[in-house]
Every structure is written in structure tokens, then in C-alpha cells.
Number of protein chains: 2
Amino acid sequence: MKNKAVTIKDVAKQSGVSISTVSQILNGNKDKFGKKTVENVLQAKTDLKYEPDYFARRMIMKKSKTIGVLVPDITNPFFSGVIRGIEAGLYKENYATLLCNADLDNQKESAYLEELSRRGVDGFIIASSNISNEAINKTLQAKDRPFIVIDQKKAEGFSDAVLTDDFQGGTLAGQHLQKLGHRKIAVLMPSNPPENVKQRFEGFKDNFELSDLTVIDTDLTKEAGQKAVESILRTSATAIFAVNDEIAFGVYRGLAEAGKTIPDDYSVVGYDNVDMCEYMQPQLTTIAQPIFELGQTTAELLLERISNSDKEWEEKHLPVQMIERNSTTML
Amino acid sequence: MKNKAVTIKDVAKQSGVSISTVSQILNGNKDKFGKKTVENVLQAKTDLKYEPDYFARRMIMKKSKTIGVLVPDITNPFFSGVIRGIEAGLYKENYATLLCNADLDNQKESAYLEELSRRGVDGFIIASSNISNEAINKTLQAKDRPFIVIDQKKAEGFSDAVLTDDFQGGTLAGQHLQKLGHRKIAVLMPSNPPENVKQRFEGFKDNFELSDLTVIDTDLTKEAGQKAVESILRTSATAIFAVNDEIAFGVYRGLAEAGKTIPDDYSVVGYDNVDMCEYMQPQLTTIAQPIFELGQTTAELLLERISNSDKEWEEKHLPVQMIERNSTTML
DNA sequence: GACTAATACGCAATCGCTTTTATTTTTTGA
DNA sequence: TCAAAAAATAAAAGCGATTGCGTATTAGTC
């Protein structure tokens with residue numbers, strides 16, 4: 001049971017050298033030592049299956065090689081896609097991902113932030129719409145640990161950022177619908193939207209008469225999208241702009257239940273371009289964000305910052321793109 | 001910058017007692033000390049915003065309060081759902097989730113297992129079809145750390161298990177199709193399926209003449225499902241059994257592109273009952289697994305094991321259920 | 001052959017905390 | 001009143017590594 005005892009000491013004893021020598025050799029200073037010694041130590045290490053104790057090590061190094069990642073909802077394919085990107089970016093550099101799923105719960109979000117910080121992660125990636133600047137400042141900035149808030153222009157001047165051009169994305173969506181002849185549009189978004197969503201709307205609305213736009217308060221979920229259909233039907237809208245794909249999927253369902261057809265009765269445009277878009281019937285026209293890259297780039301940028309903590313704040317921009325499929329049609 | 005210095009020593013000094021007293025008080029032995037002393041220490045702690053150093057602490061305690069979770073593909077909604085469950089289960093007990101996404105890559109999987117072990121996680125939850133018993137034995141059993149392989153009857157006698165009755169699930173799917181009058185069925189599954197998938201097939205096939213079943217080699221992804229349609233069309237099948245919902249979604253797309261209609265041309269049955277099933281057109285008939293509970297139960301069971309490492313191996317069974325929707329119809 | 005300069009390695013401090021043991025102070029009771 | 005028991009706190013021993021600095025051994029130089 002308690003075979004838990006292979007320490008550096010054992011390796012030292014086995015190879016007949018001192019602890020410090022073992023440590024040195026195992027940490028790359030091979031060349032500083034006699035060929036024979038190095039060999040012995042390495043041999044002993046493998047014989048004994050020695051692994052340096054993670055905690056003892058980290059205590060001294062003050063680095064955990066771990067990044068805390070906080071997302072609001074891991075079951076949302078946008079976020080799971082981002083996580084996949086993050087994870088890929090971190091894995092390359094041998095960093096681990098400490099994942100926290102806030103479950104759309106503000107309190108859990110803060111609790112997690114604290115916990116991550118307590119656990120000494122080397123940096124944070126936060127993909128959350130809810131988290132307030134205040135919480136960020138309080139918990140993160142104070143601790144002087146690098147962090148990036150994904151796709152949100154918050155904490156300006158305190159962190160790097162990876163952004164997509166949400167305004168442009170909104171514009172593209174608007175232009176598309178407008179070109180197809182639609183004038184009356186139902187826009188589905190939360191009444192208190194996160195910054196990036198707000199930008200989407202800003203870009204979108206410029207293509208229309210403001211009075212032709214009906215904004216329907218809709219959470220960023222499928223359920224909310226479905227529920228919003230009821231309201232949509234009461235408008236004279238001919239097209240729907242859902243500020244994320246999840247909402248759009250909900251709309252598909254709601255519309256189907258109401259006996260309406262896409263795109264004949266309503267054109268619908270989503271946002272994100274998650275995998276499922278192509279598997280819907282009809283395939284969803286949407287604005288593509290480079291989801292995987294968003295995660296990966298963020299991870300890389302954060303890692304850069306960690307290894308060089310006083311470089312200039314950097315802001316990376318990723319492109320968005322209109323993906324025209326079959327959920328929209330000429331009026 | 002380097003304000004990183006609040007140690008237990010500072011708290012001790014500030015409150016005029018010794019280090020050990022502070023430690024004791026902060027770790028629950030309050031009652032052993034004078035009322036006044038306790039108060040002072042607590043005060044000093046909050047004044048100084050003292051947080052015990054995670055690593056120093058763990059080095060002694062030999063517990064990391066962290067569970068390593070390994071999944072093959074986080075973007076698969078089944079897995080992200082399971083993770084959400086796990087995460088919820090662990091959060092309640094203040095355990096953290098160290099997430100690893102193997103990305104369907106066997107090598108990455110092993111590498112992660114090693115890394116997790118090095119990082120001293122207290123236990124593992126593995127949701128992977130690929131991982132071999134061998135790898136499990138080698139890395140996990142050897143280290144004598146508790147683990148559970150989700151929904152796979154592997155490592156029997158070495159670990160607890162949380163299982164769903166895949167055989168029964170397969171049976172339900174088969175019975176359903178058979179009752180509707182279908183005889184010729186295309187079954188979409190990998191040629192080298194993980195144990196649970198194999199069971200689904202076993203349960204399924206008993207309802208039919210073996211010669212009426214065409215098994216088409218299909219990975220557990222949407223893309224593979226779509227691609228399989230080509231083969232399906234060459235059979236005389238009137239119904240399709242996809243061993244997970246992802247495949248079924250792929251089939252939807254493939255069938256649509258081939259100009260076929262569900263359920264009129266083909267009835268299709270999926271497996272898992274992920275959220276999206278209800279949002280497809282037509283809604284997907286499927287076998288429901290309690291995805292969230294699967295994760296949560298696993299987490300709880302693992303935690304029980306950790307706190308009581310020599311109780312009997314336990315095997316929990318979760319129910320499956322036929323969810324009849326609109327993707328199947330009478331022949 | 002004596003002295004300096006590399007070369008190869010070990011000593012011991014340190015990291016921040018927990019825990020066991022020891023010490024001091026207070027209380028108790030006959 | 002005074003020793004013994006109890007209560008309150010302090011001292012010290014790790015935990016398992018890393019690391020700066022010191023020392024012994026060997027090689028190089030004249």
C-alpha cells in the first residue's frame with residue numbers, strides 16, 4: 001500500500017551521490033557533471049521510477065504550470081470549442097487546464113475565481129459574460145496574476161486581449177438580411193447583454209430603421225430562443241437575428257412547433273458557427289467566429305505574458321466571416 | 001509587484017502568538033485555544049488577507065483536492081454533459097476538476113494520464129473509449145490512486161463503476177423499430193467499438209434476423225454519420241440505428257443531402273439523448289442516458305472511495321429510457 | 001613541485017505549512 | 001498552601017524538493 005516513498009533522497013542513495021547532485025542533473029544541468037555520475041543518477045531514477053514530488057517542487061518554483069479556465073456553460077458548443085482550443089494551446093507547452101464551469105451562476109463564478117487563485121494557477125482565462133469588471137479587478141488584478149477575458153473588451157489596460165470584431169460581425173449579418181430585402185427584423189438578445197453581444201447589435205442595427213427592429217429579451221440559450229418565438233409571431237418581422245447559434249436553434253424548434261417554415265416564413269441568422277449549424281435543417285446562415293483559434297490564441301498569448309511579464313499589453317484580433325447557408329432567403 | 005509575502009509567520013507576528021497556534025486555529029482546532037487568542041488570529045488573518053500557501057499545504061497533507069478528468073472529445077455534447085455533472089458533484093465537496101481533452105488521440109491520452117498522476121490528483125475519472133485496460137493498469141492501478149472509468153465495464157475488481165444498462169438500451173431501440181414493422185436495419189457503429197457500444201448492439205440485434213442487419217463501420221462523430229449515408233443508401237434498410245446521437249445528426253445531414261426524408265424514407269434511432277435531439281427536425285427518437293447524473297454519480301462515488309479507501313467495490317447502475325419522438329414511424 | 005584554475009560535487013539554508021512534543025501558565029483540590 | 005492535573009501556547013521536527021556557495025579533487029602552468 002504505502003509504496004509512496006521514492007524521494008530524491010532514495011535516488012541519491014542508490015546512485016551514491018548527494019541530493020543536490022541528483023536535483024541538478026535531473027533538471028538539465030547534466031553537462032556540469034561527470035559522465036559516469038549522470039549515467040548513474042539517470043539509471044537510478046528509472047530503476048526506482050522516481051518522480052519529483054509535484055508539490056514540493058512547486059512550493060519552491062512558485063509556478064504551477066496550470067491555467068485556470070472559467071466558463072459559464074460547458075455544454076454550450078461555443079464554449080466547449082473554445083476550451084478545446086485553449087487546451088490544445090496549453091498542452092503544447094505542458095500546461096494543464098483547471099476547468100471551472102460556473103453554470104451560469106454568478107456566485108459560483110466568484111467562488112471559483114477565489115479557489116483558482118488559492119490554488120496558485122499561473123494565469124486565468126475567463127470566458128464569461130457575467131463576471132463583472134469589479135470581480136475581475138478584485139480577485140485577479142489584485143493578485144497580480146495574468147489573465148485574459150475572452151472576447152470581451154473588459155479590463156482594458158490591465159490585460160492582454162483576444163477579440164473578434166463583433167461590430168463587423170453584426171454588420172455582416174445586417175447587410176446580408178438587408179440585401180435580401182428584409183426590413184422588419186426581430187433581434188433576439190438578452191436585455192442586459194455582455195459587451196461583445198452589444199457590439200453585434202450595434203453593427204447590426206445600422207442597416208435598418210431603428211423602428212423596424214424589435215428586440216426581444218432572450219437569454220443565450222436554446223430554451224430562451226424557443227420561447228422567444230411566441231413574441232416573434234406577434235411582430236411583423238420577416239427575418240430573425242439571433243445573437244448566438246444556440247438561440248437560433250431554439251428558434252428553429254419554436255418555429256417548427258408553430259408550423260412556420262425556415263426560410264420561407266422567416267429568414268434566420270445566427271452567430272458563432274458552431275458545428276451543428278451544418279447539421280440543421282435547413283443549414284443555418286451565421287456569422288463564423290474562429291472558435292478553436294479563439295481559444296488557442298488566447299492560451300498562447302497568456303503563456304507569452306507569463307514568460308515575459310512586462311511586455312506591452314497586446315490585443316489580438318481574429319476575423320469573423322459571413323457563412324451563407326440555407327436559413328435565409330430573399331423576401 | 002512583489003506583495004506576495006503574507007505567510008503564516010506574518011499572521012503570527014501580527015496577532016502576537018506563535019506560528020503553530022495560528023495554524024491550529026485556522027484549521028479548525030479553535031476550541032483548544034483561548035477565546036481572545038482565536039479572535040486575534042482571525043482578525044489578523046482577515047486584516048492581512050492571509051491565504052495559506054496551497055503547495056506548502058498540500059506537500060504535507062498529501063491531498064490535492066483535485067480530480068483528474070479525461071475525456072476523448074469535449075465538444076461532444078454527451079461528454080460535456082457528463083463533465084458538467086462531474087463538476088457539479090465535485091464542486092459540492094470543494095474538489096477541483098483538472099480537465100484533459102484527449103482529442104481522440106491515444107498518445108495524448110496516455111501522456112495526460114501520466115501528467116495527472118505526476119500532479120498528484122486524488123483520483124481519476126476517465127471517460128474514454130480508447131484507453132486500454134493496459135494503460136489503466138499501468139498508470140493508475142500501479143499508483144494506487146482511485147479511479148472510475150465512466151460507463152465502461154473495464155478494470156473490474158480494481159475500481160468502482162457507474163454503468164448504464166447498454167444492453168437494455170439496445171434492446172429498447174430494437175424493440176421499438178421492430179414493433180414499427182422494420183426488418184431491414186442499418187446499424188452505424190465503429191468496427192472496433194468500446195465495450196458499452198458493443199453491448200448496445202448485442203441488445204439490439206436480438207430483435208432481428210442477423211442477416212437483415214447491415215453494420216456500417218462508423219466512428220462516433222457527426223462527420224462519420226454523414227459519410228455513412230452513402231453506404232446506407234446501397235442497402236435495403238428502412239431504418240437506421242445510430243449508436244450515438246452524434247452519428248444520428250450526421251445521418252440527418254447526409255440523408256437530407258441525398259434528398260431522403262426522415263422518417264418517411266428512413267426511421268432513425270439515436271442513443272444518448274443529448275439536448276440537441278429535441279431541436280432537430282424531426283426531433284430524434286433516441287435512448288436516453290442520464291447524462292448529468294452519470295457524471296455526478298461518478299464524482300460522488302469516487303469521492304466516497306477517497307474518503308474511505310477500503311470499502312467494498314461498488315457498482316452503480318443508472319436507468320436508460322426510450323424517448324419516442326418523430327424520427328421513427330411505422331413502416 | 002608549488003600554485004592557480006577548472007571541474008565535480010556536497011552542505012545546508014530555504015520554501016510555508018502541519019503536527020508532535022515540550023514548556024509554561026493556570027486551575028484545581030485536599 | 002502546594003503539588004498535580006489541565007489548559008494554553010511555543011518550539012522544533014519534518015514534508016521533498018531547489019540552489020547558492022563552499023570544498024575537494026584534478027588538471028594546467030611555469
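Predicted model only: the values in this text are computed from it and were never measured. Throughout, protein chains are lettered first and strands after them, A, B, ... in sequence-line order, and every chain is numbered starting at 1.
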Please classify the nucleic acid contact of [X] as base, sugar-phosphate, or nothing, using heavy-atom distances under 4.0 Å.
{"X": "B/Gly16", "result": "sugar-phosphate"}
{"X": "A/Lys9", "result": "nothing"}
{"X": "B/Tyr54", "result": "nothing"}

Does [X] make a side-chain N or O approach to OP1 or OP2 of [N] shorter than 4.0 Å?
{"X": "B/Arg57", "N": "C/dT18", "value": "yes"}
{"X": "A/Thr21", "N": "C/dC9", "value": "no"}
{"X": "B/Ser23", "N": "C/dT18", "value": "yes"}

Side-chain H-bond candidate by donor/acceptor type, B/Thr66 with A/Arg119, under 3.5 Å: yes
Polar contact flag, side-chain donor to acceptor under 3.5 angstrom, A/Gln14-A/Asp10: no
Whole-Å distance separating the [atom1] atom of [X] from the [atom2] atom of [N]:
{"X": "A/Asp10", "N": "D/dG16", "atom1": "CG", "atom2": "P", "answer": "9 Å"}
{"X": "A/Lys13", "N": "C/dG10", "atom1": "NZ", "atom2": "C1'", "answer": "16 Å"}
{"X": "A/Phe55", "N": "D/dG14", "atom1": "CZ", "atom2": "C1'", "answer": "18 Å"}
{"X": "A/Asp53", "N": "D/dG14", "atom1": "CG", "atom2": "C1'", "answer": "14 Å"}
{"X": "A/Glu39", "N": "C/dA8", "atom1": "CD", "atom2": "P", "answer": "15 Å"}
{"X": "A/Met61", "N": "D/dG20", "atom1": "CE", "atom2": "P", "answer": "10 Å"}
{"X": "B/Arg118", "N": "D/dA17", "atom1": "CZ", "atom2": "P", "answer": "14 Å"}
{"X": "B/Glu51", "N": "C/dC17", "atom1": "CD", "atom2": "P", "answer": "10 Å"}

From [options], nucleotide with atom closest to [X] side chain:
{"X": "A/Gln24", "options": "D/dA10, C/dA8, D/dT19", "value": "D/dT19"}
{"X": "B/Ile19", "options": "D/dT9, C/dG10, C/dT18", "value": "C/dT18"}
{"X": "B/Ile60", "options": "C/dA8, C/dT18, C/dT20", "value": "C/dT18"}
{"X": "A/Thr7", "options": "D/dG16, D/dT9, D/dT18", "value": "D/dG16"}

DNA chain D: 5'-proximal contact among B/Thr37 and B/Lys62 (nearest heavy atom): B/Thr37
Sorted by position of nearest nucleotide on DNA chain D, 5' first, the leading residue of A/Asn27 and B/Ala56 is B/Ala56
If you measure from the Lys or Arg side-chain nitrogens to the Asp or Glu carboxylate oxygens, is any gap between A/Lys65 and A/Glu93 under 4.0 Å? no
Below 30° counts as parallel, above 60° as perpendicular, anything between as tilted: where do the rings of B/Tyr112 and A/Tyr91 land? tilted
Using the ring of each side chain (for Trp, its six-membered ring), is A/Phe55 parallel, tilted or perpendicular to B/Tyr54, with breaks at 30° and 60°?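 Ring orientation, 0 to 90° scale: perpendicular.
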Does the side chain of B/Thr297 reach to within under 4.5 Å of the side chain of B/Val162, using non-hydrogen atoms?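 Side-chain contact under 4.5 Å: yes.
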Side-chain donor/acceptor of B/Thr21 to backbone N/O of B/Val17, under 3.5 Å: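 Looks like no, no N/O pair under 3.5 Å.
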So, under a plain 3.5 Å distance rule, would you say the side chain of A/Ser20 forms a donor-acceptor pair with the base of C/dC11? yes
Can you pull out how bent the helix from C/dG1-D/dC30 to C/dA30-D/dT1 is, comparing the axes over its first five and last five pairs, to 10°?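 Inter-axis angle at the termini of the helix from C/dG1-D/dC30 to C/dA30-D/dT1: 50°.
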Out of curiosity, B/Thr37 OG1 to B/Leu42 CG, how far, rounded to the nearest 0.5 Å?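 That separation rounds to 11.5 Å.
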